[in-house]
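One is the number of the first residue; the rest follow in order along the sequence. The basis for the numbers below is simple: all heavy atoms, side chains too, and nothing from hydrogens, waters or symmetry mates.
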Amino acid sequence: MELELIEGAHPHSPQVGFEPGSFQCLDVEYVNSEYGKNGVRLLYIRREGKMHCIKELEISVHIKLDTMNEYLHSDNTKVIPTDTIKNSIEALAKIRGINTIEQFGLDICDHFLTSFCHVVYCNAFIQEVPWQRLEKDGTPHVHAFLYSSEGVRFCEVEQSVDGAPIVFSGIKDLKIMKTTQSGFQNFYKDKYTTLPERRDRILSVEMLIKWCYGVCPEGLDYDCIWRTAHESALDAFAGPPETGHYSPSYQKTVNCVQEYILEKIPQVEEVEVICSNIHYSLTPLEKLGLCNDKEIFTPQDTPFGACASTLRRKKGPEEECDTVVESKTHCSAGWKPALKSN
């Protein structure tokens, strides 16, 4: 079918010479059609007498409807405005409160799946601003807080109308460094390889760690699990405080983080880690007539190395221990580009 443009008309204006739906003869189908509101920010304050507790969140919620008439037939009668989605999030914070971000994500999914019979899927992605209670000589302040990032806590909850909710928790923007006990040797070399082998180097990384729970019973202590996962990641990276332990590559360090979390938290079924290597190059001080004995380094923003891997518990004993499970990971992090560090 050839289209005849009206003279002077914009090629994307409705005046173009074809009717809506004229391409329905194409042999195509929709794979996905979710939509929603990204970047809903709110501060929740819970007052218990003089003691105040806060949570500042950034929330993105996407839903899927049981029809695609808004795409195919310009029929908006079932479309829930994204402004309504934002208002619902704010109302739920008031009505149900926010104890943990995971539970709030479950509340959000439950609301949209039970309040609207034509919503068949809901996904809530929540990240928490890292406020910590201010302390003075070991005494916690009743209503003052300090921004102190040891990594940003986030969660993702998804649920279909006929299924149980799936809960992910995680840490992003986790920056860790050690100044020794790291190296990189015995790697593959070809004619373009210029990198020297190193037995002793700085290891500095930024990690995103995301884990998936199995069956989520009522009363699961998400706060305790997050703290255990956070502590496990630091222990796996650094090793004992008196001696540390050696890392032969940042890939092996990623593997250690995953194994520590799976070992210490039986409720976790799968751990994904995305790791970016932050490079520091030895600053050449010879031109200044000085000797640089691994004391002065220059941070290097780009380029940088990166890796991603997912480790999960075996489904059955018949699988070999060293077999790589070839399947799509559940933990696909960073799917909403509007989310960024606060």
Side-chain angles (χ1 to χ4, degrees), residues 37-61 85-109 111 124-157 167-177 204-211 213 219-235 237-238 241 257 261 264-265 274 278 333-334 336-342:
K37 200 72 161 181
N38 285 7
V40 179
R41 299 179 63 187
L42 63 86
L43 172 66
Y44 171 74
I45 303 176
R46 185 175 73 251
R47 295 175 173 86
E48 300 172 349
K50 291 184 177 180
M51 181 65 71
H52 294 182
C53 301
I54 67 169
K55 287 193 180 293
E56 184 177 348
L57 309 180
E58 184 173 337
I59 306 159
S60 294
V61 173
I85 295 175
K86 175 189 74 71
N87 294 343
S88 301
I89 294 168
E90 295 166 345
L92 284 170
K94 166 62 180 177
I95 295 168
R96 300 196 183 185
I98 303 173
N99 184 22
T100 66
I101 57 174
E102 288 85 358
Q103 184 57 55
F104 191 50
L106 289 165
D107 292 341
I108 290 171
C109 289
H111 168 77
F125 189 101
I126 307 173
Q127 67 178 27
E128 182 174 347
V129 177
W131 291 110
Q132 296 184 7
R133 189 175 298 278
L134 203 61
E135 291 189 1
K136 174 74 172 182
D137 298 327
T139 301
H141 200 286
V142 292
H143 60 245
F145 302 85
L146 175 70
Y147 184 96
S148 179
S149 178
E150 294 182 324
V152 175
R153 179 174 174 175
F154 71 93
C155 78
E156 185 171 359
V157 180
V167 180
F168 306 87
S169 298
I171 312 162
K172 65 190 289 285
D173 302 335
L174 179 63
K175 295 184 179 181
I176 331 173
M177 176 195 293
S204 181
V205 299
E206 179 176 333
M207 286 189 182
L208 184 150
I209 307 168
K210 185 176 181 182
W211 57 91
Y213 300 95
L220 193 62
D221 193 340
Y222 294 108
D223 285 341
C224 180
I225 289 174
W226 191 90
R227 288 191 297 267
T228 302
H230 187 275
E231 181 181 346
S232 299
L234 301 184
D235 289 347
F237 179 86
V257 169
I261 291 174
K264 293 187 178 182
I265 311 174
I274 299 175
I278 302 171
K336 295 183 176 67
L339 292 174
K340 55 183 180 296
S341 300
N342 290 284

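- In terms of heavy atoms, G138 sits closest to P140 at O-CD, 3.6 Å.
- Between H111 and S88 there is a side-chain heavy-atom pair separated by less than 4.5 Å.
- Checked against a 6.0 Å centroid threshold, the rings of Y222 and Y213 count as neighbours.
- By the 4.0 Å N-to-carboxylate-O rule, K210 lies close enough to E156 to be salt-bridged with it.
- Taking 4.0 Å as the cut-off between side-chain N and carboxylate O, E135 and R133 do not count as a salt-bridged pair.
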Worksheet entry | Criterion ring-ring contact (aromatic ring centres under 6.0 Å, His included) on W131 and Y147, from CA distance to verdict | CA-CA 5 Å; W131 291 110; Y147 184 96; 5.8 Å; yes
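- The stretch residues 91-105 participates, sequence neighbours left out, in these salt bridge (charged side-chain N to carboxylate O under 4.0 Å, His left out) pairs: R96-D107, R96-D110, E102-R153.
- Atom CG of L220 is separated from atom CD1 of I225 by 4.0 Å, given to the nearest 0.5 angstrom.
- When side chains are defined from C-beta on, D221 does not count as touching W226, because their heavy atoms never get closer than 4.5 Å.
- Side-chain contact check for K172 versus Q127: some heavy-atom pair is nearer than 4.5 Å.
- No side-chain donor-acceptor contact under 3.5 Å links E128 to the backbone of L57.
- Of the possible donor and acceptor atoms, one in the side chain of H230 sits under 3.5 Å from a partner among the backbone N and O of E150.
- Between Y44 and I98, some side-chain heavy-atom pair lies under the 4.5 Å cut-off.
- One distance of note links CD1 of I176 with CE of M207; it measures 5.0 Å at 0.5 Å rounding.
- Annotation: the span from I108 atom CD1 to F125 atom CZ amounts to 12.5 Å, rounded to 0.5 Å.
- Inter-residue side-chain proximity for I89 and V61 is flagged as met; some heavy-atom pair is nearer than 4.5 Å.
- Put simply, the side chain of S169 never gets that close to the backbone of C155: no donor and acceptor are under 3.5 Å apart.
- No more than 12 heavy-atom neighbours from other residues, nucleotides or ligands sit within 6.0 angstrom of NZ on K175.
- Taking NZ of K86 as the reference point, atom CG of L42 lies at 10.0 Å (rounded to 0.5 Å).
- Among all heavy-atom pairs drawn from I278 and E206, the shortest one is CD1-N, 4.0 Å.
- The shortest distance between side-chain heavy atoms of I59 and F104 falls below 4.5 Å.
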